[in-house]
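Presented below is the structure to which this report refers.
If you're wondering where the values come from, they're calculated on a predicted model, not measured in any experiment.
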Amino acid sequence: MNEMNDLQERLDLSESKNRLNNWVAITVAIISVSMAITKVKDDNIVQAMLQAKSDAVDSWNEYQSKKIKQHMAELGLNQVRALQVLVQEKGNAELASQQKSYQEAIVRYQAEEDTLTKKAKGFEKQYDDLNFRDDQFDLSDATLSISLAMLAITALTGKRKLLALAWLFAGFGLLMGLAGLLGLPLHPTLLVILLS
């Protein structure tokens, strides 16, 4: 009778461990699919971030170029004015033409600088918006990886409490991945700052 009870206990224990491993396997499959989907989207966002940063730098470089050209035109205008004092009537018409040309260039450069400033700031905002979503995917990836490690230990030890903790991490990771995919404003800023 004792042998029969021992055999029944071992069978029950084996069946319980098998159920636990089934839950672990299902959870690993769900997490793996989620990580694969969010990885593709995250990579696309990172590429868009790089492009936005590149466009912002290009715009600021163009702005600097316009600023230098404006400064050169201002110097030329000052020189023309100084020459007009020295030269009386002779050559004054040509100096007036150069003065007008410099003034028009200065006005044009100022207008272009304003446009380039807005353009560059727009690219910087685009980068920041994309970075917000990238943070969501990074948190998702990190917590899902932690969950996978916990699931591996759960399979080895058979501890149900560890499975529950792994599900908690997986739930947060899945939520952050979903927020990134759908563009939801869910962003644990304090956690992101801590990890940055």
Around atom CG of Leu190, are there more than 12 heavy atoms from other residues, nucleotides or ligands closer than 6.0 Å? no
Could you check Lys39 against Asp43 for salt bridge (charged side-chain N to carboxylate O under 4.0 Å, His left out), going step by step and ending with a plain yes or no? CA-CA 6 Å; Lys39 177 68 174 151; Asp43 286 350; 3.1 Å; yes
Under a single-linkage definition using a 4.5 Å side-chain heavy-atom cutoff for Ile, Leu, Val, Met, Phe, Trp and Tyr, are Ile31 and Val24 assigned to the same hydrophobic cluster? yes
Can you check side chain to side chain contact (heavy atoms under 4.5 Å, CB included) on Met49 and Ile45, steps first, answer last? CA-CA 6 Å; Met49 287 172 66; Ile45 285 177; 4.1 Å; yes
Would you indicate whether Trp60, at its atom CH2, is surrounded by more than 12 heavy atoms from other residues, nucleotides or ligands within a distance under 6.0 Å? yes
Can Ser59 and Lys121 be said to form a side chain to side chain contact (heavy atoms under 4.5 Å, CB included), step by step? CA-CA 9 Å; Ser59 295; Lys121 287 183 179 181; over 6 Å; no
Under 4.5 Å between side-chain heavy atoms, hopping through other hydrophobics if needed: is there a path connecting Leu165 to Leu156? no
Which heavy atom of Ala73 sits nearest a heavy atom of Ile106, and at what distance? CB-CG1, 3.6 Å
Taking NZ, NE, NH1 and NH2 as the nitrogens, is one of them in Asp129 or Lys125 under 4.0 Å from a carboxylate oxygen of the other? yes
Cluster question for you: counting only ILVMFWY and a side-chain heavy-atom cut-off of under 4.5 Å, with indirect links fine, are Ile37 and Leu178 together? no
Looking only at non-hydrogen atoms, find the nearest pair between Gly180 and Phe137 and report the distance. C-CZ, 3.3 Å
Is there a side-chain contact between Leu162 and Ile153 (heavy atoms, below 4.5 Å)? yes
Linked, directly or transitively: Phe172 and Phe169 (ILVMFWY side chains, under 4.5 Å): no
Please tell me if the side chains of Ile68 and His71 come closer than 4.5 Å, counting only heavy atoms from C-beta onward. no
Carboxylate-amine/guanidinium contact Arg108 Glu104, below 4.0 Å: no
Closest non-hydrogen atom pair between Ala52 and Phe123, with its separation: O-CB, 3.6 Å
Can you see which heavy atom on Arg133 is nearest to which on Gly183, and at what distance? NE-CA, 3.9 Å
Do Leu163 and Leu20 come close enough that some side-chain heavy atom pair is under 4.5 Å? yes
Okay, side chain of Ser140, backbone of Gln136: is any donor-acceptor separation there less than 3.5 Å? no
When rounded to the nearest 0.5 Å, the distance separating CG of Leu184 from CG of Leu175 is 8.0 Å
Using only atom types and a distance under 3.5 Å, with no angle test, would you say the side chain of Ser54 pairs donor to acceptor with the backbone of Leu50? no
Heavy-atom pair of closest approach, residues Lys159 and Thr154: O-CG2, 3.5 Å
Describe, in one word, how the ring planes of Phe132 and His187 are oriented to each other, choosing from parallel (under 30°), tilted (30 to 60°) and perpendicular (over 60°). parallel
Separation between CG of Asn22 and OG1 of Thr27, rounded to the nearest 0.5 Å: 10.5 Å
salt_bridge(Lys66, Glu113) N-O dist < 4.0 Å: no
Got a donor-acceptor contact below 3.5 angstrom from the Ser147 side chain to the Ala166 backbone? yes
dist Thr143:OG1 -> Met176:CE (nearest 0.5 Å) comes out at 8.0 Å
Between the side chains of Glu74 and Gln70, does any donor sit under 3.5 Å from an acceptor? yes
Nearest-0.5 Å distance, CD1 of residue Ile26 to CG of residue Leu151: 11.5 Å
Which pair of non-hydrogen atoms, one from Leu144 and one from Ala170, has the smallest distance, and what is that distance? CD2-O, 3.6 Å
When you group the ILVMFWY residues by side-chain heavy-atom contacts below 4.5 Å and let the links chain together, are Trp167 and Ile146 in the same group? no
Between the side chains of Asp114 and Gln110, is a donor N or O closer than 3.5 angstrom to an acceptor N or O? no
Derivation of the side chain to side chain contact (heavy atoms under 4.5 Å, CB included) call for Thr115 and Lys118: CA-CA 5 Å; Thr115 302; Lys118 289 176 187 172; 6.0 Å; no
Please report the interatomic distance CG(Asp58) to CD(Gln51), rounded to the nearest 0.5 Å. 8.5 Å
Working to the nearest 0.5 Å, report the span between NZ of Lys100 and CG of Leu95. 15.0 Å
Between Ser101 and Ser97 (side chain of the first, backbone of the second, donor and acceptor by atom type, cut-off under 3.5 Å), is there such a pair? no
